[in-house]
2 protein chains.
Amino acid sequence: MAGGAKARRLPRVVRERQMVDAAVRCFARHGYQAASMDEIAELAGVSKPLVYLYLGSKEELFTACIRREAGALLAAVDAGVGGPEVPPDERLWAGLLAFFTYAAEHPDSWVVLSRQARTQGEPFAGEVARMRDEIVGFVAGLIGEAAGEADVVITGRDVDALAQALVGSAESLASWANETPGVAAKEAAATLMNFAWAGLGNLMKSERWSPR
Amino acid sequence: MAGGAKARRLPRVVRERQMVDAAVRCFARHGYQAASMDEIAELAGVSKPLVYLYLGSKEELFTACIRREAGALLAAVDAGVGGPEVPPDERLWAGLLAFFTYAAEHPDSWVVLSRQARTQGEPFAGEVARMRDEIVGFVAGLIGEAAGEADVVITGRDVDALAQALVGSAESLASWANETPGVAAKEAAATLMNFAWAGLGNLMKSERWSPR
């Protein structure tokens, strides 16, 4: 019974963190439907009733996972990005680097956010959509700023479209980097920065591609 | 009984197409789990036993949907792209235009492929992954060719990474375009072409972005 006594001495917040850690791992590996509360409890080293007592139903636990991981990803990007005194391309670079580093260091978290959460309907899809909207908004802000500095007239819709393109390429590249041995976060960020910023830079100079 | 007699006169291939059409619509709107065989049968104007008889279980029906829609998307892109006598940027433009046109004209198909199919585990995820790999391979081929023409030395991994970035941005932009009123397929394709090709063009000229 030493284990039980020890378990009771852990503060609730620590226990909950262990349970959510275990849940993120199971949801990432098996998907929402196939993940079992039994496996989550076992992985967290607690009883199944304790998981239900602390975190509620499987649905509530999945929501808790998405919310926590989305918050952590946003916080990591936020912390990486400098203030408005830093030029927009440097801020985008810092944001991309923070994003790819987070995805590389938390692959299960990335799978849950980019894949598992999106197709289970509400409220899950909404949670992750809000996080994505926030990132798209941040990127759109940088593009708008860069356009302003370069005195380029660009519509709000063009800015939104470019931000969507950039975020989509970052998502795709993060998943590819995690599945490809030996790709470092910095390499993925540099590839995307070269790809995106060089292209955006040309747009800012109004050098557009056109069919010959 | 006129309806029944009429129904029996339709060739099986036509009936099956109606059922798969109805299924794509239901799966796109409700997701795999929530879509019901009752609704699919009703939408197709047939009895539920007939759906099971012709197309098997819900799982087999979903697989049939993914396979048919993935095939249609690939065929559309293939038909749009010219042969090797056309320069790589023109071929990419034609491929993007065909892709965005397909996604705009078949929004339910796009939702099933880009969203619903990916997270239901095997065999669904595998079906759509194969289609995506084929598109990434096509894009990687164009980038490799363009690099060759420009006499640029670029590693296979860089080519793969750029292809992943480009396909990810196309996916993101297609979903955004479908959800944003008034964005034409051609506009989305042009945005991405400007974004991507200008960036790739700079890479080919070895003009890389670097922190100041």
Side-chain angles (χ1 to χ4, degrees), chain A residues 30-34 87 89-90 92-94 97 111 114-121 125 132 136 157-158 160-177 180 182-183 187-188 190-203 205 207-212, chain B residues 30-34 87 89-90 92-94 111 114-121 125 132 136 157-158 160-177 179-180 182-183 187-188 190-203 205 207-212:
Chain A
H30 309 302
Y32 176 66
Q33 296 299 333
D89 59 337
E90 299 279 348
L92 182 62
W93 164 249
L97 192 57
V111 168
S114 65
R115 187 147 298 201
Q116 307 302 355
R118 284 197 178 171
T119 56
Q120 297 301 331
R132 193 183 194 271
V136 168
R157 199 158 88 177
D158 278 344
D160 287 348
L162 291 168
Q164 287 285 348
L166 204 149
V167 169
S169 59
E171 290 168 334
S172 173
L173 212 48
S175 296
W176 172 81
T180 306
V183 178
E187 180 186 339
T191 297
L192 187 50
M193 195 66 198
N194 272 314
F195 175 60
W197 201 259
L200 288 172
N202 277 1
L203 285 185
K205 289 178 278 173
E207 286 175 17
R208 303 204 166 216
W209 178 90
S210 61
R212 270 165 277 208
Chain B
H30 309 302
Y32 176 66
Q33 296 299 331
D89 58 340
E90 299 280 349
L92 181 62
W93 163 250
V111 167
S114 66
R115 187 146 301 200
Q116 307 300 359
R118 284 198 178 169
T119 57
Q120 297 300 332
R132 193 182 194 272
V136 169
R157 197 158 89 178
D158 278 344
D160 286 348
L162 291 168
Q164 288 285 347
L166 204 151
V167 169
S169 60
E171 290 168 334
S172 173
L173 212 49
S175 297
W176 172 82
E179 287 156 16
T180 306
V183 178
E187 180 186 340
T191 297
L192 186 50
M193 195 66 200
N194 272 313
F195 175 61
W197 201 259
L200 289 173
N202 276 0
L203 285 185
K205 289 179 278 176
E207 286 175 17
R208 303 205 164 215
W209 178 91
S210 60
R212 269 165 279 215

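Below, chains carry the letters A, B, ... as their sequence lines are ordered, and counting in each starts from 1.
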For each of B/G182, B/A34, B/A188, tally heavy-atom pairs with chain A at distances under 4.5 Å, and name the one with the top tally. B/G182

Working to the nearest 0.5 Å, report the span between CG of A/L192 and CD of B/Q164. 12.0 Å

Out of curiosity, A/T180 OG1 to B/R157 CZ, how far, rounded to the nearest 0.5 Å? 7.5 Å

Report the option among B/S172, B/S175, B/A177 that has the most heavy-atom pairs separated by less than 4.5 Å from atoms of chain A. B/S172

Applying side chain to side chain contact (heavy atoms under 4.5 Å, CB included), name anything that partners B/A174, two or more places apart in sequence or on another chain. B/F99, B/F100, B/A103, B/W110

Who are the side chain to side chain contact (heavy atoms under 4.5 Å, CB included) partners of B/A163, not counting sequence neighbours? B/V136, B/V139, B/A140, B/I143

Rounded distance (nearest 0.5 Å) linking atom CG of A/L173 with atom CG of B/L166: 11.0 Å

Quick check on B/V111 against chain A: is it the side chain, the backbone, both or neither that has a heavy atom closer than 4.5 Å? neither

